Amino acid sequence: MMVPAALLLLGALTAVVAPRLLARADWPDREPVVALWMWQCVVVAVLLCCALSMALSAAAAWSAVRGQVFAPAPHGVVEAYALSTGRPWAATTAVVLACGGMWTGAMLVREIAGARRRRRLRRTELLVRSPLLPGEEPGPGPLVVLEGERPDAWWLPGARSRLVITTAALRRLKGRQLDALLAHEQGHARARHDWLLHCSSALADGFPQVPVFAAFRDEMHRLVELAADDMASRRFGRLTTALALVELNEDRGVFGPCPTPQAQVPQRVDRLLTPPDRLTAARRLRLTAAAALVPVVPVLVAFGPGLRALG
């Protein structure tokens, strides 16, 4: 029973240490795409620790499960895990972790169902506010223009994705600023940022007492915007993208002294106007490879005794 306990300890250690290291690092704002990858690998590692610990605990508690988990393994491999020790705690650990896994799945299903419901409502609103005329066919492109006094734009994902922009935004944004805004929203769509936001929200809502999941959700919302800003600025320039952000948000009070839900917009504008130096390609590669190794550690811990027994 040492391996399941070691996996739980490793998961807890990863959940505590990794967010603190990322919070202290100076490179996530410089390389938001790499930071997104790093956060995903950290959360996957934590979930893997729980899943592998659940499987080994269940194998220790119930012989039927043990037969399935170690079906093709020699007897020496099973003995290497010392599953006969710690049995009183094995069943409890397995049941608790299994309940956590089912709760995670339920929260993800709820999040996806809620997102689909919101998309249906917004599509219905689009049909009401921008109806097709008799005999008119839907256009081949994703762009939809809505009459509105408030400058706004958003990407509506789905089977027939739509990029919605209001007439106020069209009046306010000039030339390449509008192109930068469209490139920003298209960057969200191409990178499928909506799935990252759904998964992070499901984990944070399902386990509000687990700080790593709350930090994961907050960082996903922040980093996807920085990544989309970079996509737009590479095509149309940082100054143009920053001006588009200012024009789109200046009437919402985000640049005032009182915090708003869009309080990160001023920081995004500052970042575009005073861009930090990017990391070298070699360092980006090292960080990407290091992040990919994080989920490998719990796998090595779980399979280590069996590999040693075979060797």
Side-chain angles (χ1 to χ4, degrees), residues 3-56 97 100-101 103-105 107-109 111-112 187-231 264 276 278-304 307:
V3 178
L7 285 168
L8 288 179
L9 181 61
L10 177 63
L13 189 65
T14 304
V16 171
V17 174
R20 294 183 180 181
L21 292 177
L22 286 170
R24 293 175 184 174
D26 62 349
W27 59 265
D29 284 3
R30 299 158 68 185
E31 298 294 343
V33 175
V34 179
L36 284 169
W37 170 246
M38 181 74 76
W39 269 103
Q40 291 174 73
C41 290
V42 167
V43 171
V44 167
V46 173
L47 296 178
L48 263 178
C49 287
C50 295
L52 291 171
S53 179
M54 178 195 69
L56 291 175
L97 292 175
W103 182 248
T104 301
M107 290 297 100
L108 185 58
V109 170
E111 177 68 25
I112 293 174
H188 283 312
R190 279 197 292 268
R192 300 309 303 266
H193 287 159
D194 55 314
W195 280 103
L196 277 179
L197 299 181
H198 292 330
C199 292
S200 62
S201 295
L203 288 170
D205 293 341
F207 302 94
Q209 276 75 37
V210 182
V212 66
F213 294 148
F216 180 49
R217 176 191 56 195
D218 296 341
E219 284 298 289
M220 289 302 99
H221 280 81
R222 190 179 70 89
L223 291 170
V224 297
E225 295 300 334
L226 299 186
D229 287 344
D230 287 348
M231 293 180 195
Q264 60 178 266
R278 293 197 65 188
L279 302 181
T280 62
R283 189 176 178 193
R284 291 199 300 271
L285 182 61
R286 288 197 299 269
L287 285 171
T288 303
L293 290 176
V294 175
V296 176
V297 175
V299 176
L300 292 177
V301 171
F303 286 90
L307 293 175

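Keep in mind the model is a prediction, meaning the values are calculated, not measured.
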J.: With side chains defined as the heavy atoms from C-beta onward, is the minimum distance between Leu203 and Met107 less than 4.5 Å?
T.: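 Result no, sub-4.5 Å side-chain heavy-atom pair not found.
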J.: Could you state the interatomic distance from CZ (Arg283) to CD (Glu31), rounded to the nearest 0.5 Å?
T.: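 CD of Glu31 is found 9.5 Å from CZ of Arg283.
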J.: If I take atom CG from residue Leu36 and atom CE from residue Met220, how far apart are they, to the nearest 0.5 angstrom?
T.: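 If we round to the nearest 0.5 Å, Leu36:CG and Met220:CE are 4.5 Å apart.
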J.: Considering non-hydrogen atoms only, spot the tightest contact between Ala227 and Val33 and give its length.
T.: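 Heavy atoms only, the tightest pair is CB-CG2, 4.1 Å.
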J.: More than 12 heavy atoms of other residues, nucleotides or ligands under 6.0 Å from CH2 of Trp27: yes or no?
T.: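 Counting neighbours around CH2 of Trp27, more than 12 heavy atoms of other residues, nucleotides or ligands fall under 6.0 Å, so yes.
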J.: Do Phe303 and Val3 touch side chain to side chain, with heavy atoms closer than 4.5 Å?
T.: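 Heavy-atom side-chain distance check fails, nothing below 4.5 Å.
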J.: Is there a side-chain contact between Ser201 and His221 in this structure, where contact means two heavy atoms from C-beta onward sitting under 4.5 Å apart?
T.: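 Yes, side chains in contact.
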J.: Does a salt bridge link Arg222 with Asp218, judged by any charged N lying under 4.0 Å from a carboxylate O?
T.: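 Salt bridge flag = no for Asp218 with Arg222.
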J.: Does Asp194 have any salt bridge (charged side-chain N to carboxylate O under 4.0 Å, His left out) partners at least two apart in sequence or in another chain, and if so, which?
T.: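 Scan of Asp194 (salt bridge (charged side-chain N to carboxylate O under 4.0 Å, His left out), adjacent residues dropped) gives Arg192.
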J.: Would you check if Cys49 and Leu8 make a side-chain contact, meaning some heavy-atom pair closer than 4.5 Å?
T.: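 Of all side-chain heavy-atom pairs linking Leu8 with Cys49, none is under 4.5 Å.
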J.: What are the two closest non-hydrogen atoms of Leu97 and Cys50, and how far apart are they?
T.: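 Nearest heavy atoms, Leu97 then Cys50: CD1-O, 3.6 Å.
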J.: Taking the inter-plane angle between the rings of His188 and His193 on a 0 to 90° scale, is it parallel (under 30°), tilted (30 to 60°) or perpendicular (over 60°)?
T.: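 It falls in the perpendicular class, over 60°.
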J.: Any side-chain heavy atom of Leu196 within less than 4.5 Å of one from Gln40?
T.: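 They are in side-chain contact.
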J.: Anything under 3.5 Å between a donor and an acceptor, one on a side chain of residues 284-301, the other on a protein residue two or more places apart or in another chain? List them.
T.:
{"residue": "Arg284", "atom": "NH1", "partner": "Leu279", "partner atom": "O", "Å": "2.6"}
{"residue": "Thr288", "atom": "OG1", "partner": "Arg284", "partner atom": "O", "Å": "2.8"}

J.: How close do Met231 and Gly187 get, counting heavy atoms only, and between which atoms?
T.: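 Shortest heavy-atom separation between Met231 and Gly187 comes out as SD-CA, 3.3 Å.
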J.: Give the minimum heavy-atom separation between Pro19 and Thr14, together with the two atoms involved.
T.: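 Smallest heavy-atom distance, with atoms named: CD-O, 3.6 Å.
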J.: As an exercise, state the distance from CG of Leu226 to CG of Asp230, rounded to the nearest 0.5 Å.
T.: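 Rounded to the nearest 0.5 Å, the CG-CG separation comes out at 7.0 Å.
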J.: Taking C-beta and beyond as the side chain, do Pro276 and Asp29 meet within less than 4.5 Å on heavy atoms?
T.: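 Heavy-atom side-chain distance check fails, nothing below 4.5 Å.
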J.: Would a distance-only check, ignoring hydrogens and angles, find a side-chain to backbone donor-acceptor pair under 3.5 Å from Ser200 to Leu197?
T.: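 Yes, because the side chain of Ser200 sits within donor-acceptor range (under 3.5 Å) of the backbone of Leu197.
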J.: With the side chain counted from C-beta on, respond yes when Phe213 and Leu47 share a heavy-atom pair under 4.5 Å apart, and no when they do not.
T.: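 In short, these two side chains touch, coming nearer than 4.5 Å.
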J.: Leu56 and Pro4: which non-hydrogen atoms are nearest, and at how many Å?
T.: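 Taking Leu56 first and Pro4 second, the nearest heavy atoms are CB-CG, 3.6 Å.
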J.: Looking only at non-hydrogen atoms, find the nearest pair between Val212 and Trp39 and report the distance.
T.: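 So the minimum-distance heavy-atom pair works out to O-CZ3, 4.1 Å.
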